[in-house]
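First the structure, in the form of structure tokens, and then the observations on it.
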Protein chains: 2
Amino acid sequence: MHLSTDDLTSALRNEGFRLTAARRAICAVLAESHEEHLSAVDVRARAADRAGIQIDQSTVYRTLDVFESLGWLHHVHLGHGPGIVHLSEKTDHHHLVCESCGLSVDVPIEELDDVFSQLTERHGFAPTSMHFALIGTCKNCAN
Amino acid sequence: MHLSTDDLTSALRNEGFRLTAARRAICAVLAESHEEHLSAVDVRARAADRAGIQIDQSTVYRTLDVFESLGWLHHVHLGHGPGIVHLSEKTDHHHLVCESCGLSVDVPIEELDDVFSQLTERHGFAPTSMHFALIGTCKNCAN
DNA sequence: GTCAATGCAAACTTTTTGCAACTCC
DNA sequence: GGAGTTGCAAAAAGTTTGCATTGAC
């Protein structure tokens, strides 16, 4: 169900990219970051730590770019500050961020189908990308 | 209906802030930027131009911060790049940005009431801030 | 005269880029 | 061996901050 590190590394190879220690480590971090919100900086720290090597931040950005251009990865913005990365295979979801407590809730995109198709009907606009979070107030903070 | 430059400047004074040439010019630019999407850099350029004085970018940021902390102004993100500013009095609206052509459509928040209250019912989450645009595909680009 | 506001320069954060050195295939 | 990758250093973009000077009231 979830992509493994090997899935990612061999897919990279299949696409004609070279496998380096840095890339292997980054693949591993992404494969393991199931529900986490990791920034590129986080990815670098973890990958370097995990593989016991040093990896430059620019290498991470470049590798994430490769993944993103292959459509395997997306980055989203939950607020100001760094974007966070997501393997695309993870169930597509929108991010709802509570402006009061900062809590971030993932809502599977299917659950927004009705909501979004209303938008499309009324405004001819079909939301396609969950690139920016929706900011609001969560249940707890509403009380 | 719309706030005038004088509304803004005298409101500033009433709040105990000092009126400077820079602030007057910035107020004028904001009051006149009805449906436009101006960044802080745009505001600086226009205000300086309009008043025939030089205004530092940091002054603009500081003044916009004052307005924002008074709740008179919001800044929103339509995509990567600079945030854009809005007087709060302008009808509240959400921004729909077409990822294909870049077109940005403003949707009055009332028209999203149904859509958003569904979200609240189902996910206990009430969207309150239009801080980030919704990214998708517009009618034209869908064809 | 005081204190808020400004300009200027410098720092900051996140991300991108140029380039020589390296190393994967 | 040769092209794809890397690290390093520097730049870029947007925004924030420190501080001495200015100017509003």
Side-chain angles (χ1 to χ4, degrees), chain A residues 8-27 29 37-48 51-70 73-86 131-133, chain B residues 8-27 29 37-49 51-70 73-85 131-133:
Chain A
L8 287 171
T9 52
S10 46
L12 258 189
R13 291 259 43 234
N14 290 342
E15 295 287 336
F17 292 95
R18 292 188 183 167
L19 261 191
T20 64
R23 284 187 175 165
R24 250 183 276 266
I26 294 171
C27 287
V29 168
H37 290 156
L38 298 180
S39 69
V41 168
D42 297 332
V43 171
R44 193 210 65 78
R46 248 187 231 204
I53 58 179
Q54 73 116 327
I55 305 179
D56 193 79
Q57 191 61 55
S58 66
T59 300
V60 173
Y61 278 114
R62 281 190 273 232
T63 298
L64 296 178
D65 280 350
V66 167
F67 289 157
E68 203 153 3
S69 67
L70 291 171
L73 184 98
H74 290 115
H75 79 271
V76 303
H77 297 275
L78 301 185
H80 295 159
I84 61 137
V85 294
H86 262 171
H131 192 64
F132 292 106
Chain B
L8 287 171
T9 52
S10 46
L12 257 190
R13 292 259 42 233
N14 290 341
E15 294 287 335
F17 292 95
R18 292 187 184 169
L19 261 191
T20 64
R23 284 188 175 164
R24 250 183 275 267
I26 294 171
C27 286
V29 169
H37 289 156
L38 299 180
S39 68
V41 168
D42 297 331
V43 171
R44 191 210 66 78
R46 248 188 230 204
D49 191 47
I53 58 179
Q54 73 117 328
I55 305 179
D56 193 78
Q57 191 61 55
S58 65
T59 298
V60 174
Y61 279 115
R62 282 190 273 232
T63 298
L64 295 179
D65 280 350
V66 167
F67 290 157
E68 202 153 4
S69 66
L70 291 171
L73 184 99
H74 289 115
H75 78 271
V76 303
H77 297 274
L78 301 184
H80 294 158
I84 60 138
V85 295
H131 193 65
F132 292 106

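The chains referred to below are lettered A, B, ... by the order of the sequence lines, with proteins before strands, and numbering in each begins at 1. Scope of the values below: all heavy atoms of this structure, side chains included, with no hydrogens, waters or symmetry mates.
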Candidate nucleotides D/dG7, D/dT6, C/dC3, ranked by approach to the side chain of A/Thr63 - the nearest: D/dT6
Presence of A/Gln54 side-chain N/O under 4.0 Å of D/dC8 phosphate oxygens OP1/OP2: yes
Whole-Å gap separating P (C/dT14) and CD (A/Gln57): 10 Å
N or O in side chain of A/Tyr61 less than 4.0 angstrom from C/dT16 OP1/OP2: no
Nucleotide of C/dT14, C/dT23, C/dC3 approaching A/Pro82 most closely (side-chain heavy atoms): C/dT14
Sugar-phosphate only, base, or nothing, as touched by A/Ser58 at under 4.0 Å among non-hydrogen atoms: base
Trace of the side chain to side chain contact (heavy atoms under 4.5 Å, CB included) decision for B/Phe67 with B/Ile26: CA-CA 10 Å; B/Phe67 290 157; B/Ile26 294 171; 4.1 Å; yes
Sugar-phosphate only, base, or nothing, as touched by A/Arg13 at under 4.0 Å among non-hydrogen atoms: sugar-phosphate
Test item: A/Arg44 side-chain N/O and A/Ile55 main-chain N/O as donor-acceptor pair under 3.5 Å: yes
Length of the CG-P vector between B/Leu12 and D/dC25, whole Å: 11 Å
Audit row: B/Arg23, B/Thr9, side chain to side chain contact (heavy atoms under 4.5 Å, CB included) steps and yes/no: CA-CA 8 Å; B/Arg23 284 188 175 164; B/Thr9 52; over 6 Å; no
Nearest-angstrom distance from the residue atom CG of B/Leu78 to C1' of D/dG14: 15 Å
Under-4.0 Å side-chain N/O to phosphate OP1/OP2 contact, A/Thr20 with D/dT5: no
Options D/dT5, C/dA5, D/dG14, nucleotide nearest the side-chain atoms of A/Phe17: D/dT5
Whole-Å gap separating C1' (D/dA20) and CG (B/Asp56): 14 Å
Donor-acceptor under 3.5 Å (A/His131 side chain, A/His75 main chain): yes
Separation of atom CG in B/Leu19 from atom C1' in D/dT22, rounded to whole Å: 17 Å
Under 4.0 angstrom between B/Thr59 side-chain N/O and C/dA5 OP1 or OP2: no
Any donor-acceptor pair under 3.5 Å from A/Asp65 side chain to A/Arg62 backbone: no
Closest-nucleotide 5' rank along DNA chain D - winner of B/Ala40 and B/Arg18: B/Ala40
Sugar-phosphate, base or nothing in reach of B/Arg23, heavy atoms under 4.0 Å: sugar-phosphate
Gap between atoms CD and P, on B/Glu68 and D/dT16 respectively (whole Å): 9 Å
Evaluation steps, side chain to side chain contact (heavy atoms under 4.5 Å, CB included), between B/Leu70 and B/Phe17: CA-CA 11 Å; B/Leu70 291 171; B/Phe17 292 95; 4.1 Å; yes
Side-chain donor/acceptor contact of B/Arg62 with base of D/dG18 under 3.5 Å: yes
Atom pair distance, as rounded to whole Å: CG in A/Leu70 and P in D/dG4: 15 Å
DNA chain D: 5'-proximal contact among A/Val66 and B/Val41 (nearest heavy atom): A/Val66
For atom NE2 of B/His80 and atom P of D/dT15, their distance in whole Å: 13 Å
